[in-house]
Amino acid sequence: MKEQLKEVSKNCYTMVPKGNNIEIRVYLSQRLFNEFTEDESIFQLYNASLLPGIVSPVIGMPDIHTGYGLPIGGVMAVRYDGGVVSAGAVGMDINCGVRLMTTKISTDEIDKEIIGKILKEIAKKVPAGVGKSSEIKEFKKPDMESIALKGAKYYVEKGFGRKTDLEATEDNGCIEGGDISAIPQEALNRTDQLATIGGGNHFLEIGKIEKIFDEKLASEFGLKKKHLYVMIHTGSRGFGHQICTDYTNIMWKNSDKNGVRPPQKGLACAPILSKDGQNYLKAMACAANYAFCNRQLIMHIAREAFVDVLKKPESELGLDLLYDVAHNIAKIEKHKGIKLLVHRKGATRALPKGHPANPPCYSETGHPAIIPGSMGTASYVVVGTDKIEETFCSVNHGAGRSMSRKKARSEFSKKDFRKQVGNVIVSTSNIKSLLDEAPLAYKDIDEVVYTLVEAGLTKPVARLKPLGVIKGEGEEA
DNA sequence: ATGTCC
């Protein structure tokens, strides 16, 4: 399908399939287009365009790659009235997202050994890796009703954080409408993973702010060159995964009853206003709020570790939450004057300045969109420009894989891995289990970020360079 | 991404 894509403006490729007025659009630089082999992902965008109530265009971000149903790096907007919601188009890891903390700690006053110590201290309390559950009793059997209704606020009120953290979290850390009666039993059995990182590309990272692109925005965000930052990338763990699995099954089974015919199971869906649709949104809100709590708790534990190791009060260290933003979620939003449900799967919301849904502290700047790169390379903070409405206010969510996990594991040796991550401290000695996370298994983060910058959609604020990272062990073979 | 096939 790649041959059918035509570049209509800088880095913006589109096609409008016959018999369907919905535009398929993907943002790629010249280099990313030349290297593009993910034909299947374009076909997935096309399949999504066939669903009822879709609003043109269906969009692929520069980090697009084939997923289950909708590709990762996909944006699918649907009319709230008459449209459908698809669990697969939100993704398995509901409210997978990133939070970024700034600090008052300059890298001049800290050495590698200290960073290793802090990471070790955090790792003692925050398990990482597939299947890991919390070892802290309080988090093993959480009050799901409170989490569903209050989100991150529930734990902030219990002392795990500051009130100001909520103002710096998307939707104040709470998606409304959470209702535990909509959670299937199987998922209710998987709520013991709060304060855990998980596997795959999830991580906790300490790094330094390497480069500032926009002095004014950076200073408003409190991003100072050479200062340390802490980034947390994780989601709703097995809980969200189970909700996606269960509702995909429910929606698929009830396709005829609900009068929808998704082209494949990964796009199983139900009318937004149907019982199945509403129940999914209630359960999705619960998983999203669980993920906000997960990142809130990990952040709190990280703050404690900094205080313990550096023996300074928290106020002296900063450790302020810059922002927490989801990149796997469906949200009710108004675009072009229409009430829509915007599915972002591996895509980050980036509201421009002046947008009413911005948190008050970012109304004059637009909120920071946090784009994590692969381990060992770099991450970015960007903001959406006044053109960002073109993508329903969405940007990419990371570098995007350039190689399957399987291929990366067969391609790279432990030595290759060490070389690729360079000086970055890695929490585990089991490097073999991290080969699929090697930097070269991902696209070039600079290229991916600049694709949208050149398209006029984003403005880079800062480039962040990792110094040390906690990663969960994955598969070895 | 994921108790990577209860």
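Convention: sequence-line order gives letters A, B, ...; per-chain numbering from 1. Quick caveat: nothing in here was measured; it's all calculated off a predicted structure.
In this structure, A:E473 places its CD atom 16 Å from P of B:dT4, rounding to the nearest Å. If you measure from atom CG of A:N189 to atom C1' of B:dT2, you get 16 Å, rounded to the nearest angstrom. Separating the CG atom of A:D192 from the P atom of B:dT2 is a distance of 13 Å, rounded to the nearest angstrom. In this structure, A:E186 atom CD and B:dT2 atom P are separated by 17 Å, rounded to whole Å. For the pair A:Q185 CD and B:dC6 C1', the interatomic distance rounds to 16 Å; values are reported in whole Å. The interatomic distance linking A:R405 (CZ) with B:dT2 (P) rounds to 9 Å, in whole Å. The distance from atom CG of A:D93 to atom C1' of B:dT4 is 14 Å, rounded to the nearest whole Å. The NE2 atom of A:H233 sits 9 Å away from the P atom of B:dT2 (whole-angstrom rounding).
Listed by first and then second residue, the side chain to side chain donor-acceptor pair (under 3.5 Å) pairs that reach into residues 270-281 of chain A are A:N254-A:D276, A:N258-A:D276, sequence neighbours excluded. Pairs passing the side chain to side chain donor-acceptor pair (under 3.5 Å) check and including a residue from residues 50-59 of chain A, sequence neighbours excluded, do not occur.
Close to B:dT2, at under 4.0 Å from its OP1 or OP2, lies a side-chain N or O of A:R237.
Residue A:G199 is in sugar-phosphate contact alone, with no base atom involved, counting any heavy-atom pair closer than 4.0 Å across all strands shown.
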| field | Criterion salt bridge (charged side-chain N to carboxylate O under 4.0 Å, His left out) on A:D436 and A:K407, from CA distance to verdict | value | CA-CA 8 Å; A:D436 53 349; A:K407 182 159 186 230; over 6 Å; no
| task | Could you walk me through whether A:E437 and A:R401 pass salt bridge (charged side-chain N to carboxylate O under 4.0 Å, His left out), step by step? | result | CA-CA 9 Å; A:E437 284 295 309; A:R401 296 198 74 85; 3.6 Å; yes
